[in-house]
Amino acid sequence: MTATGTTTLLGVAAEAALAVPGVAGLQPRLAHCLAAAAAPTRTDTAPHRMPPEAGIRADRAPDGSGWRIEVRCVLAEGHRTLDTAQNVHDRVRTAVTFHLATHGVAEPVTVAVTVTRIAADVASQVFERR
């Protein structure tokens with residue numbers, strides 16, 4: 001696998017997205033969820049955790065002119081959605097572009113961010129219930 005392959009770019013993009021304040025996690029695409037559900041039953045009792053990269057999709061542009069990155073993120077309550085999504089866009093694009101450049105590849109990177117939901121602040125909910 002090369003340092004500029006799809007799997008590597010998924011990790012770079014996931015790390016950049018998760019570093020943005022207000023991002024609670026990445027939402028796996030339906031295909032990942034279905035594959036995990038169809039997998040053979042696990043014998044251990046540990047809960048199955050989806051890797052963060054499952055919330056990222058990276059494809060070469062159809063004309064071969066660069067990369068298209070799709071980020072599906074869950075945001076934390078109390079953060080401005082538009083600002084956080086823009087920050088995710090900018091950080092992922094910068095991280096992937098920098099990663100490609102450090103490996104001698106200068107290609108354009110297009111990033112699309114989809115906010116799948118807003119996660120409630122669990123700590124405040126626990127406090128309010130008392």
Side-chain angles (χ1 to χ4, degrees):
M1 176 187 330
T2 65
T4 58
T6 303
T7 304
T8 304
L9 293 182
L10 294 175
V12 169
E15 185 177 324
L18 290 170
V20 173
V23 174
L26 299 177
Q27 177 71 44
R29 293 182 10 244
L30 180 59
H32 284 92
C33 294
L34 291 174
T41 306
R42 296 173 50 136
T43 57
D44 61 9
T45 57
H48 177 68
R49 303 213 27 105
M50 196 75 63
E53 293 85 4
I56 307 287
R57 180 177 180 168
D59 295 314
R60 301 277 301 157
D63 62 0
S65 64
W67 285 92
R68 295 181 311 178
I69 310 290
E70 177 190 350
V71 182
R72 296 173 45 87
C73 54
V74 176
L75 302 186
E77 188 176 59
H79 293 267
R80 288 179 42 106
T81 304
L82 183 59
D83 293 342
T84 305
Q86 182 66 48
N87 200 358
V88 168
H89 173 275
D90 295 346
R91 287 198 187 186
V92 168
R93 184 169 181 263
T94 299
V96 171
T97 301
F98 179 77
H99 177 80
L100 291 171
T102 59
H103 291 91
V105 178
E107 294 182 331
V109 176
T110 303
V111 178
V113 177
T114 302
V115 175
T116 60
R117 66 186 170 99
I118 308 295
D121 183 9
V122 177
S124 67
Q125 288 180 353
V126 171
F127 180 73
E128 290 173 4
R129 289 182 185 166
R130 291 184 178 184

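These values consider heavy atoms only, across backbone and side chains, with no hydrogens, waters or symmetry-generated copies.
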Sequence neighbours excluded, which residues qualify as side-chain contact (heavy atoms from CB on, under 4.5 Å) partners of A17? L26, V71, V88, V92
Over all atoms of both residues, closest heavy-atom pair of E77 and I118: CA-CG2, 3.7 Å
Atom CG of L100 and atom CG of L9: how far apart are they, to the nearest 0.5 Å? 5.0 Å
Could I get the full list of salt bridge (Lys or Arg N to Asp or Glu O under 4.0 Å) partners for D83, not counting sequence neighbours? R80
Residue list, side-chain contact (heavy atoms from CB on, under 4.5 Å) with Q86, at least two apart or on another chain: H89, D90
Which pairs with one or both residues in residues 104-113 pass side-chain hydrogen bond (donor to acceptor under 3.5 Å, both in side chains), sequence neighbours excluded? R60-E107, W67-E107
Linking I/L/V/M/F/W/Y whenever any side-chain heavy atoms sit under 4.5 Å apart, do V115 and V74 land together? no
Could you go through the side-chain contact (heavy atoms from CB on, under 4.5 Å) check for I69 and R93 one step at a time? CA-CA 8 Å; I69 310 290; R93 184 169 181 263; over 6 Å; no
Qualifying residues under side-chain contact (heavy atoms from CB on, under 4.5 Å), relative to P21, sequence neighbours excluded: N87, R91
Looking only at heavy atoms, which two atoms of I56 and A13 are closest? And how far apart? CG2-CB, 3.8 Å
For the student: nearest non-hydrogen atoms of V113 and C73, plus distance: CG1-SG, 3.8 Å
Look at the side-chain heavy atoms of Ile, Leu, Val, Met, Phe, Trp and Tyr, link any pair under 4.5 Å apart, and say whether L18 and F98 land in one connected group. no
Non-hydrogen side-chain atoms of P62 and R68 separated by less than 4.5 Å: yes
Contacts of T94 that satisfy side chain to side chain donor-acceptor pair (under 3.5 Å) - sequence neighbours left out: none
Between H79 and L75 (side chain of the first, backbone of the second, donor and acceptor by atom type, cut-off under 3.5 Å), is there such a pair? no
Could you grab the distance from atom NE2 of H103 to atom OG1 of T8, nearest 0.5 Å is fine? 8.0 Å
